[in-house]
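Remarks on the structure that follows.
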Amino acid sequence: MSPESFTEPDRAAMRRALELAARGLNTTHPNPRVGCVIVQADRTVGEGWHEWPGESHAEIMALRAAGEHAAGASAYVTLEPCCHFGRTPPCVDALIAAGVRRVVFAIEDPNPKVSGQGAQRLRSAGLEVQGGLLQHEATELNAGFIKRMGQGRPWVRVKLAMSLDGRTALASGKSAWISGEAARADVQLWRARSSALLTGIGTVLADDPQLNVRVEAARPRQPLRIVLDSELRTPPGARLFASDGPVWIFTLSSDGAKRAALQASGARVEPMDAELRSLAPGRRLDLQGVLARLAEAEINEVQVEAGATLAGGLLRAGLADELLLYIAPILVGPQGRPLVELPQLADLQAAPRLELIESCQIGPDLRMRLRTVSQGEPSRR
């Protein structure tokens, strides 16, 4: 349905539903973030959002709040209502039973168990159903869930911090801290919304990061921590294992002793090749294969916090969906370490293209969000 078909009260109700959905930003994994508003005669009679997996969906929460006032009302939902049994019953059945007259949703559910079937069930029951209201905003809220359901891999956000002249560290590798305290606190909020945090063995050996969420207000759970470590060089005493939350290590190594030591520290070791014993030293992990494995584990959003090699590898492979870039107002000089490792270009037309979708000041630093753009692909704004 065209945007012109919706009224301003429709838009106001869906904007409120999106605000409610965002309350589950850090908690709904692996489920989508969904909000619902029920309106009866231009008056909101019920609101709800999905907070935790396995608990009631947004529509059920809103229907409970509305009670008998749901009969004849309009329900505004940020995602097409579900029509299948999962950990909770279908929401379409509850909407029909409550006597809701009209359902407006923002985006179709990409889950193949729903994907248009929820809307059809509602129409077959005699309800008026409209979709596409504030579609862009709802898509942004669930980019990871949509990517996983549609393409079989998570949304990959690469966090980077650099000086004004594009350097991430001194030539010696010392980088603490390029960005300021406010920017580092902001990173914690982005970590909190992520399903997983991913780094490479180089970062583990150089920085010994905890790679966890350390902002109490945004820490309902700890994301999965992932290390790409082809030769199992992660120290069993690394700080990764000293904090809460699971740790997965993807590897090509068949070294049983190393694997046992890491498992004793609490790691889950994920081998990525059946012919482990014939691998040549230095072979790198297949990034596409790693992401596919994470999608199978219902990981929606991955935040990558790593060095130039892994960041460049994701960009070269077309697997980095978004850059979260912090720029500090300092100059390091040409001897400093680069932001990403990319092959030398013979032509600027072959350079990876990025589209700026947001910029704001965080303390003294500038934060930019950029999306990768394929050659010939139109702007997504």
Side-chain angles (χ1 to χ4, degrees), residues 1-25 28 31-51 56-67 69-83 91-92 94-96 98-111 114-123 125-146 150 155 193 355-360 369 371 378-381:
M1 177 163 289
S2 67
E4 293 78 14
S5 303
F6 296 106
T7 66
E8 185 50 42
D10 287 336
R11 295 177 183 280
M14 188 62 79
R15 281 193 291 267
R16 177 57 180 166
L18 287 163
E19 290 175 0
L20 293 168
R23 294 184 182 182
L25 194 68
T28 63
N31 293 350
R33 299 140 181 163
V34 184
C36 178
V37 171
I38 297 176
V39 176
Q40 176 71 267
D42 297 328
R43 183 173 68 90
T44 298
V45 294
E47 293 186 340
W49 69 94
H50 183 48
E51 185 173 1
S56 296
H57 288 187
E59 297 95 318
I60 306 304
M61 300 297 289
L63 288 171
R64 287 176 186 165
H69 299 293
S74 295
Y76 297 84
V77 194
T78 59
L79 185 71
E80 176 189 6
C82 66
C83 57
C91 291
V92 293
L95 290 164
I96 294 167
V100 169
R101 176 185 61 83
R102 177 183 180 227
V103 174
V104 179
F105 63 88
I107 54 174
E108 183 176 294
D109 191 333
N111 187 337
V114 184
S115 192
Q117 299 174 67
Q120 185 56 47
R121 281 266 297 276
L122 292 169
R123 290 190 181 102
L127 280 71
E128 179 186 350
V129 181
Q130 297 170 283
L133 177 57
L134 300 187
Q135 183 173 359
H136 173 76
E137 292 84 347
T139 298
E140 287 289 302
L141 192 62
N142 282 302
F145 181 76
I146 294 169
W155 181 266
R193 66 173 285 171
E355 180 181 16
L356 178 65
I357 62 168
E358 179 191 64
S359 64
C360 62
R369 290 175 60 213
R371 297 275 169 85
S379 171
R380 286 169 284 187
R381 296 196 70 186

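By convention here, the first residue in the shown sequence is residue 1.
- Side-chain contact check for Asp10 and Thr7: at least one donor-acceptor pair (N or O, by modelled atom type) lies under 3.5 Å.
- A salt bridge links Glu140 with Arg371; the closest basic N to acidic carboxylate O contact falls under 4.0 Å.
- Across all non-hydrogen atoms, the minimal contact from Ala66 to Ile38 is CB-CD1, 4.2 Å.
- A donor-acceptor pair is defined here as one N or O able to donate and one able to accept, closer than 3.5 Å; no such pair exists between the side chain of Gln135 and the backbone of Ile107.
- Note that CZ of Phe6 and CE of Met14 are 7.0 Å apart. Values are rounded to the nearest 0.5 Å.
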Practice problem: Before giving the answer on side chain to side chain contact (heavy atoms under 4.5 Å, CB included), spell out for Val103 and Leu95 the whole-Å C-alpha distance, their side-chain angles and the decisive distance to 0.1 Å. | Solution: CA-CA 9 Å; Val103 174; Leu95 290 164; 4.3 Å; yes
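- In this structure, a donor-acceptor pair under 3.5 Å is absent between the side chains of Arg33 and Thr78.
- Between Val37 and Ala17, the shortest heavy-atom distance links the atoms CG2-N, 3.7 Å.
- Minimum interatomic distance between Val39 and Ala73 (heavy atoms only, all atoms of both residues): O-CB, 3.2 Å.
- Nearest heavy atoms, Ala65 versus Gly46: CB-CA, 3.9 Å.
- Minimum heavy-atom separation, Ile60 to Ala94: CD1-CB, 3.4 Å.
- Residues Phe145 and Asp109 form a side-chain contact, since some pair of their non-hydrogen atoms from C-beta on lies under 4.5 Å apart.
- Proximity of a side-chain donor or acceptor of His57 to a complementary backbone N or O of Cys91 within less than 3.5 Å is not detected.
- Rounded to the nearest 0.5 Å, atoms SG (Cys360) and CZ (Arg369) are 9.0 Å apart.
- No donor-acceptor pair under 3.5 Å is formed between the side chain of Glu51 and the backbone N or O of Thr28.
- In this structure the side chain of Asn31 reaches within 4.5 angstrom of the side chain of His50, judged on heavy atoms.
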Quiz item: After noting the C-alpha distance and the side-chain angles of Glu128 and Arg123, does the key distance pass the side chain to side chain contact (heavy atoms under 4.5 Å, CB included) rule?
Solution: CA-CA 6 Å; Glu128 179 186 350; Arg123 290 190 181 102; over 6 Å; no
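- Side chains of Tyr76 and Arg15: no donor on one and acceptor on the other come within 3.5 Å.
- Between the side chains of Glu108 and Ser115, a donor-acceptor pair is found at a separation under 3.5 Å.
- Across Ala138 and Leu18, no two heavy atoms sit closer than the pair CA-CD2, 3.8 Å.
- If you take CE on Met61 and OG on Ser56, they are separated by 6.0 Å, rounding to the nearest 0.5 Å.
- Residue Ser74 holds its OG atom at 8.0 Å from CD of Gln40, rounded to the nearest 0.5 Å.
- Here the side chain of Glu80 pairs a donor or acceptor atom with the backbone of Gly118 at under 3.5 angstrom.
- Residues Pro81 and Val129 fail the side-chain proximity criterion, which asks for heavy atoms closer than 4.5 Å.
- Contact check for Val100 versus Arg102: no side-chain heavy atoms found under the 4.5 Å cut-off.
- Atom-to-atom distance recorded for Leu133:CG and Arg11:CZ is 6.0 Å, nearest 0.5 angstrom.
- Rounded to the nearest 0.5 angstrom, Glu137 CD and Glu19 CD are separated by 11.5 Å.
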